[in-house]
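Down below is the structure, laid out as structure tokens.
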Amino acid sequence: MFTLDHDPVDGSHLIVAGGELDLAATSEMSAIFAMSAAGPQDAVVLDLVRVDFIDSSALGTILRAAQQLEASGKRLHVVAPDGPVRRLLEITGTASRFTLHASRESAFSAA
């Protein structure tokens, strides 16, 4: 089971995910990222603090979103404190495709 909430916050588009991000989440994630790319905000903050698991399909969706956002002149800021999700992003080398932060406050400051 997963949750995805999103709202404009402080000049950024905030996306808060929770639970398990797997194939079932990719369609909704893609739609939200597409809205973010087309929206007026300068940056997108993806908060993964409440995410327990990310599979390869969801990770691919995040990477495609980072490319799409970059192409529209925006940067993806990902919030992932120390733990399994952050380790996954670092071990796979995917963290270089976006800016990784330990807290939401840090992400908003950088955005």
Side-chain angles (χ1 to χ4, degrees):
M1 184 71 179
F2 70 92
T3 59
L4 287 170
D5 295 311
H6 61 100
D7 284 303
V9 175
D10 294 335
S12 299
H13 192 131
L14 173 64
I15 303 168
V16 180
E20 297 185 1
L21 298 182
D22 56 17
L23 184 61
T26 59
S27 177
E28 188 174 340
M29 286 174 58
S30 294
I32 292 170
F33 281 127
M35 282 191 309
S36 298
Q41 293 82 13
D42 293 331
V44 176
V45 175
L46 174 61
D47 187 334
L48 300 177
V49 170
R50 296 183 303 166
V51 171
D52 303 317
F53 172 80
I54 299 176
D55 78 357
S56 59
S57 61
L59 184 57
T61 299
I62 294 169
L63 292 173
R64 282 188 297 281
Q67 279 184 312
Q68 182 182 21
L69 290 165
E70 193 173 289
S72 66
K74 301 177 185 193
R75 181 83 178 155
L76 178 60
H77 297 266
V78 176
V79 179
D82 288 339
V85 171
R86 187 179 188 103
R87 278 194 302 280
L88 170 72
L89 298 174
E90 292 173 342
I91 289 171
T92 58
T94 55
S96 64
R97 295 294 306 136
F98 40 76
T99 306
L100 196 56
H101 302 275
S103 70
R104 192 184 293 182
E105 294 76 24
S106 170
F108 281 127
S109 294

Kindly indicate, with the supporting measurements, whether the criterion side-chain contact (heavy atoms from CB on, under 4.5 Å) is fulfilled by Thr61 and Arg64. CA-CA 5 Å; Thr61 299; Arg64 282 188 297 281; 3.3 Å; yes
Identify the heavy atoms of [X] and [Y] that sit nearest to each other, and give their distance.
| X | Y | value |
| --- | --- | --- |
| Ala111 | His77 | CA-NE2, 3.7 Å |
| Leu48 | Ala17 | CD2-CB, 4.1 Å |
| Leu76 | Phe98 | O-CB, 3.1 Å |
| Val44 | Ser36 | CG2-CB, 3.5 Å |
| Asp22 | Ser57 | C-OG, 3.6 Å |

Would a distance-only check, ignoring hydrogens and angles, find a side-chain to backbone donor-acceptor pair under 3.5 Å from [X] to [Y]?
| X | Y | answer |
| --- | --- | --- |
| Lys74 | Gln41 | yes |
| Arg86 | Ala80 | yes |
| Thr94 | Leu89 | yes |

Cluster question for you: counting only ILVMFWY and a side-chain heavy-atom cut-off of under 4.5 Å, with indirect links fine, are Leu88 and Leu46 together? yes
Find out if a path of hydrophobic residues (ILVMFWY) with successive side-chain heavy-atom gaps under 4.5 Å connects Phe33 to Leu21.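 Per the 4.5 Å side-chain linkage, Phe33 and Leu21 are co-clustered.
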Apply the side-chain hydrogen bond (donor to acceptor under 3.5 Å, both in side chains) test between Asp47 and each candidate in His101, His6, Arg104; give the one that qualifies. Arg104
